[in-house]
Number of protein chains: 2
Amino acid sequence: MQASTRWLPCQQENPCAYNDCMSATHDTISHALSRVARLHRSAAGQLLRRLGLHPGQELLMMQLWDHGPQPQSQLIDLLGLDASTVTRMVQRLEQAGFVRRRRSDDDRRAVVVEPTAAAQALQEQVVHAWQQLEDLTLRGLDEPERAAVAELLGRIENNLSQPG
Amino acid sequence: MQASTRWLPCQQENPCAYNDCMSATHDTISHALSRVARLHRSAAGQLLRRLGLHPGQELLMMQLWDHGPQPQSQLIDLLGLDASTVTRMVQRLEQAGFVRRRRSDDDRRAVVVEPTAAAQALQEQVVHAWQQLEDLTLRGLDEPERAAVAELLGRIENNLSQPG
DNA sequence: TCTGATTGCTTGTACGGCCAATTAAATGCC
DNA sequence: GGCATTTAATTGGCCGTACAAGCAATCAGA
C-alpha cells in the first residue's frame with residue numbers, strides 16, 4: 001500500500017466542485033465495516049485456498065461438522081443464506097467431494113446433506129486455518145477488548161437481524 | 001426467524017459423532033464478523049435497490065463524489081479492490097449512466113472516470129440511504145460505544161491490512 | 001376428499017469479487 | 001536509440017450471493 005498522490009484534483013473549471021477537504025460522504029462505521037469485512041474475507045480466502053475451499057464454504061462445512069447430516073432447509077436457516085445460494089454451494093461441494101446429497105425419506109422434497117470422509121480429513125485443517133484467521137484479526141487486542149468486540153458485534157448483528 | 005428444531009441429530013449408528021454440545025468450530029469473532037458483514041451488506045442492498053445501485057457500487061460513487069474525476073488506478077487504490085473488479089464495475093456504472101470514461105491525455109493507458117449529471121442527482125439520495133444504514137446498524141449504541149466500535153474496527157482493519 | 005396455500009428446492013440471470021493471462025503504453029537502463 | 005521492466009486496463013473463468021420464477025411434494029381447510 002503506497003501513497004497515491006499522483007493525481008491531484010481541482011484542475012477544472014470549477015475548482016471546488018468536489019469535496020476534498022470535507023467529504024460529504026464522511027467516514028462512517030458502515031464504511032469501516034465494509035472494508036474490514038472485505039479484508040477479513042480476503043484473508044480467509046488465502047488461508048482456505050490451499051485446502052481447496054472458497055470463502056463461505058467453510059461456514060457451511062462447519063455446520064455439517066457441528067450438527068451432522070441435515071436437510072438443506074436447516075442449513076439455509078442456520079447460515080442465513082438464500083436457498084438458491086445454498087443449493088449451488090452444496091452442488092459445488094459435492095462436486096469437490098466434500099458432501100453427499102440424498103433425498104429424505106420423511107419428506108421427498110427435502111435433500112439431506114452429509115459430510116464425506118474427505119470432509120472429515122479436512123475438518124482439522126479448517127479449524128486450524130480459522131484459528132489463524134482469528135489470531136490475525138485480533139492481534140494486539142487484549143481479552144477485555146476482544147470481549148468488547150464480541151459484545152458490540154453481537155448487538156449490531158441483533159440490530160441488523162430485525163427489520164428496519 | 002422461527003426455531004428450527006424439526007431435525008434432531010444423533011439418530012445414527014454412532015450417536016456422538018457430531019459435536020452438538022461442544023462445537024469444535026466454536027463461535028468466534030470471525031464468525032460474528034462474517035454474519036454481521038452479510039447482514040450489513042444485505043441491508044445496504046435493500047436501501048440502494050430503489051436507487052438503481054448494487055451494494056459496492058455506492059462506495060465507488062462516493063469516491064468520485066469526494067475526489068472528482070480520477071483514473072481507475074486511483075479508484076483501485078482507494079477502494080482496495082482488484083483491478084478487474086473495478087473495470088467491470090465501472091463498465092456497468094457507465095451502462096447505467098452514472099459515470100463516463102475517457103482515456104487520459106497524460107497517460108494513454110489510463111482511463112479517467114467521472115460522475116455524470118445523473119450521478120450528481122443520485123448523491124443526495126445515497127448519502128441519505130447511507131445515513132439510514134448507519135442508524136439501523138448502530139441503533140441502541142450510545143456515543144462512547146460507537147466510538148469504541150470505530151476504534152476497535154480500526155485496529156482490526158489495521159491488523160488485516162498488513163501481511164500475516 | 002379435493003383444492004388452495006405453503007414448503008423445499010432448482011434454475012436463470014445478474015452483480016461483486018478474486019486470480020491468471022494478455023495487451024498496450026510508459027519508464028528506466030544501457 | 002533500443003530493449004527489459006513496470007504499470008494500466010481488459011478479458012476469461014470461477015465462486016458467493018441475491019432475486020425472480022417455477023416445479024413438485026406436503027399440508028390444511030372446506
Side-chain angles (χ1 to χ4, degrees), chain A residues 2 4 6-7 34-35 37-50 52-61 70-77 79-96 98 101-113, chain B residues 2 4 6-7 34-35 37-50 52-61 70-77 79-96 98 101-113:
Chain A
Q2 30 237 23
S4 39
R6 64 191 175 292
W7 183 264
S34 304
R35 288 193 304 267
R38 205 165 23 68
L39 287 168
H40 184 262
R41 188 182 183 85
S42 167
Q46 288 195 344
L47 289 167
L48 293 171
R49 197 178 179 65
R50 69 198 68 179
L53 285 182
H54 293 265
Q57 297 183 328
E58 86 280 16
L59 298 173
L60 194 155
M61 293 308 302
Q70 56 200 281
Q72 245 175 236
S73 59
Q74 177 148 342
L75 287 174
I76 290 164
D77 282 358
L79 296 169
L81 295 173
D82 190 86
S84 61
T85 298
V86 173
T87 289
R88 275 188 267 251
M89 262 170 106
V90 168
Q91 286 172 347
R92 284 161 182 151
L93 285 168
E94 182 177 44
Q95 189 69 23
F98 294 132
R101 304 160 66 200
R102 62 179 156 80
R103 285 220 105 83
S104 168
D105 291 328
D106 303 349
D107 185 339
R108 322 246 325 149
R109 295 168 300 181
V111 170
V112 175
V113 183
Chain B
Q2 29 235 25
S4 40
R6 64 191 175 292
W7 183 262
S34 304
R35 288 193 304 268
R38 205 164 24 66
L39 288 168
H40 184 263
R41 188 183 183 84
S42 167
Q46 288 195 345
L47 289 168
L48 293 171
R49 198 179 179 66
R50 69 198 69 180
L53 285 182
H54 293 266
Q57 297 183 330
E58 85 279 17
L59 298 173
L60 194 155
M61 292 309 302
Q70 57 199 281
Q72 249 175 232
S73 59
Q74 176 149 339
L75 286 174
I76 290 163
D77 282 358
L79 295 169
L81 295 173
D82 191 86
S84 61
T85 298
V86 173
T87 289
R88 277 189 264 251
M89 259 170 107
V90 168
Q91 286 172 347
R92 285 163 181 150
L93 284 169
E94 183 177 43
Q95 189 69 24
F98 295 131
R101 303 160 67 201
R102 61 178 158 80
R103 285 219 104 82
S104 167
D105 290 329
D106 304 348
D107 185 339
R108 320 237 339 143
R109 296 168 300 180
V111 170
V112 175
V113 183

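Heavy atoms only: backbone and side chains are in, while hydrogens, waters and symmetry mates are out. For clarity, every value in this text was computed on a predicted model and none was experimentally measured.
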Start with the C-alpha distance between A:Gln70 and A:Val112, add both sets of side-chain angles, then the distance that settles side chain to side chain contact (heavy atoms under 4.5 Å, CB included), and finish with yes or no.
CA-CA 5 Å; A:Gln70 56 200 281; A:Val112 175; 5.9 Å; no

What is the separation between atom CD on A:Gln70 and atom C1' on C:dG8, rounded to the nearest whole Å?
15 Å

Send over the distance from B:His40 NE2 to D:dA18 P, rounded to a whole Å.
15 Å

Below 4.0 angstrom from OP1 or OP2 of D:dA18, is there any side-chain N or O of A:Thr85?
yes

For the side chain of B:Arg103, counting heavy atoms from C-beta on, which of D:dA9, D:dT17, C:dA26 is nearest?
D:dA9

Any donor-acceptor pair under 3.5 Å linking the side chain of A:Arg38 with the backbone of B:Gly80?
yes

Please determine, for the side chain of B:Arg101, which listed nucleotide (D:dG16, D:dA9, C:dG16) has the closest atom?
D:dA9

Mind listing the closest non-hydrogen atom pair of A:Ser34 and B:Leu59 along with its distance?
CB-CD1, 4.2 Å

Test A:Met89 against A:Leu81 for side chain to side chain contact (heavy atoms under 4.5 Å, CB included), laying out the working first.
CA-CA 11 Å; A:Met89 262 170 106; A:Leu81 295 173; 4.1 Å; yes

Taking only side-chain nitrogens and oxygens of B:Gln74, does any of them come within less than 4.0 Å of OP1 or OP2 of D:dA8?
no

Using the side-chain heavy atoms of A:Arg41, tell me which of these nucleotides is nearest: D:dT6, D:dT17, C:dG16.
D:dT17

Is any side-chain heavy atom of B:Ile76 less than 4.5 Å from a side-chain heavy atom of B:Thr85?
no

Pairing residues for B:Arg109 by the side chain to side chain donor-acceptor pair (under 3.5 Å) criterion, not counting sequence neighbours
B:Asp107

Taking any heavy-atom pair under 4.0 Å as a contact, classify A:Ala110: base, sugar-phosphate, or nothing.
sugar-phosphate

Looking for any heavy atom pair under 4.0 Å, which part of the strands does B:Asp82 touch: base, sugar-phosphate only, or nothing?
base

Whole-Å gap separating P (D:dA8) and CG (B:Asp106)
13 Å

Selected nucleotide, minimal atom distance to B:Gln57 side chain, candidates C:dT10, C:dT6, C:dC15:
C:dC15

In whole angstroms, how far is the P atom of C:dC19 from the CZ atom of A:Arg50?
14 Å

Sub-3.5 Å donor-acceptor pair from the side chain of B:Thr87 to the main-chain atoms of B:Ala83, do we have one?
yes

Closest to the side chain of B:Arg108, out of C:dA25, C:dC9, C:dG17, is C:dA25

In whole Å, I'd like the distance from the CG atom of B:Asp107 to the P atom of D:dT6.
17 Å

In whole angstroms, how far is the P atom of C:dG16 from the CZ atom of B:Arg49?
13 Å

Is there a residue in residues 86-95 of chain B whose heavy atoms reach under 4.0 Å of DNA chain D, and which residues are they?
B:Thr87, B:Arg88, B:Gln91

Rounded interatomic separation in angstrom, taking CD from A:Glu58 and C1' from D:dC15
13 Å

Side-chain atoms of A:Ser73 come closest, of C:dG8, D:dT10, D:dC15, to C:dG8

Just jot down the salt bridge (Lys or Arg N to Asp or Glu O under 4.0 Å) partners of B:Arg101, sequence neighbours excluded, or say none.
B:Glu94

Should the side chain of A:Arg109 and the base of C:dT7 be counted as holding a donor-acceptor pair, with the cut-off at 3.5 Å?
yes

By the 4.0 Å heavy-atom rule, please label B:Ile76 as base, sugar-phosphate, or nothing.
nothing

How many Å lie between CG on A:Leu59 and C1' on D:dC15, as a whole number?
14 Å

Is there, by distance only and without an angle test, a donor paired with an acceptor across the side chain of A:Ser84 and the base of C:dC9 below 3.5 Å?
no

